[in-house]
Enquirer: 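The following block contains the structure, expressed as structure tokens.
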Amino acid sequence: MSTSSITKMTAPPSTAYKIVDVPEAYADVIRRHGIPGTFVGASEEESPWVPFGPNAAIRHLLFDTRHNIFSNILWIKSAGVIGTHQHRGTVVMVCLEGSARYLEYDWVAGPGAFIHETPGLVHTLVTDHPDGVKLFGWLQGPIEFYDDKGTFVETLDVWWFINHYESYCREHGLPINTQLYV
Ligand SMILES: [Fe+2]
């Protein structure tokens, strides 16, 4: 291939306000085996805040049982701590409101800040903000929780997160939103 045929995109090639037909050699395969996208609106009818202890709640957004991936918003409602835990997978988080930090590091995440944690890391989540924090998270793999003496308590994985969501829905007569499952 000559270099003259290479395009380096510096901006979207179309800003047309229309759906464009895209050529796809395997469109029928995608139709048969592709997994539809999902959408969860902002209302509590689509996914409620489920209590996680007296000062925190989780709004579940996605459960992927094939890859042990779960996505949610963690809300710590006022200054507080989510105790020390170890991740066995990757954590991607964005701070939406308030602020948070890990006792192990010296940075503080405010709105818009991005956090990436890798398998094996151990950390202790703290918010010193009077209004606490809301963190969007995309988490993969088990999370092992310890008490304040360093005694292992439980492993939280996609099954724990599904059970957390579904038990709350059952107890409160809420429908299970199938959009959360991929
Ligand atoms: Fe964590």
Side-chain angles (χ1 to χ4, degrees), residues 37-44 46-169 171 174 176-177 179-182:
T38 53
F39 175 79
V40 181
S43 83
E44 282 213 66
E46 300 198 40
S47 183
W49 288 107
V50 182
F52 184 42
N55 192 39
I58 298 173
R59 187 163 186 269
H60 299 281
L61 299 175
L62 176 139
F63 308 117
D64 177 352
T65 58
R66 287 177 179 82
H67 304 99
N68 202 357
I69 287 171
F70 32 101
S71 180
N72 55 63
I73 301 171
L74 171 65
W75 178 21
I76 307 175
K77 299 180 183 182
S78 60
V81 180
I82 302 284
T84 307
H85 54 274
Q86 181 167 33
H87 288 273
R88 296 292 179 183
T90 299
V91 179
V92 172
M93 293 203 301
V94 173
C95 180
L96 304 177
E97 294 173 18
S99 72
R101 63 193 180 93
Y102 295 120
L103 292 181
E104 289 77 5
Y105 309 142
D106 60 5
W107 47 255
V108 178
F114 173 77
I115 301 166
H116 180 233
E117 292 280 277
T118 52
L121 293 181
V122 179
H123 55 214
T124 312
L125 181 65
V126 167
T127 172
D128 303 306
H129 196 291
D131 297 329
V133 69
K134 277 187 183 149
L135 292 164
F136 166 78
W138 180 271
L139 301 101
Q140 177 267 318
I143 313 171
E144 295 165 353
F145 272 86
Y146 291 82
D147 69 12
D148 63 354
K149 310 270 188 303
T151 305
F152 171 77
V153 176
E154 190 176 345
T155 298
L156 275 53
D157 60 7
V158 69
W159 308 115
W160 183 93
F161 281 81
I162 290 174
N163 182 65
H164 187 243
Y165 168 67
E166 291 188 351
S167 327
Y168 182 86
C169 289
E171 282 162 25
L174 304 172
I176 301 290
N177 184 350
Q179 287 291 293
L180 271 61
Y181 303 77
V182 300

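Indexing begins at 1, ligand by ligand and atom by atom, following the structure's order.
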Enquirer: Treating Q140 as the side-chain partner and T90 as the backbone partner, does any N or O pair qualify as donor plus acceptor under 3.5 Å?
Expert: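 Answer holds: yes.
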Enquirer: How are the rings of Y102 and H123 set relative to one another: parallel (under 30°), tilted (30 to 60°) or perpendicular (over 60°)?
Expert: parallel
Enquirer: Do V40 and R59 make a side-chain contact, defined as non-hydrogen atoms from C-beta onward lying under 4.5 Å apart?
Expert: yes
Enquirer: For the Fe ion (ligand 1), which protein N/O/S atoms are closer than 2.8 Å?
Expert: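 Checking every protein N, O and S atom gives H85 NE2, H87 NE2, H123 NE2.
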Enquirer: Is a donor on one side and an acceptor on the other found under 3.5 Å between the side chain of S71 and the backbone of G137?
Expert: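 Checked: pair present.
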Enquirer: Kindly state whether the ring of F70 and the ring of F63 have centres lying under 6.0 angstrom apart.
Expert: no
Enquirer: With a cut-off of 3.5 Å and sequence neighbours excluded, list every side-chain donor-acceptor pair involving residues 105-116.
Expert:
| residue | atom | partner | partner atom | Å |
| --- | --- | --- | --- | --- |
| Y105 | OH | E117 | OE1 | 2.9 |
| Y105 | OH | E117 | OE2 | 3.3 |

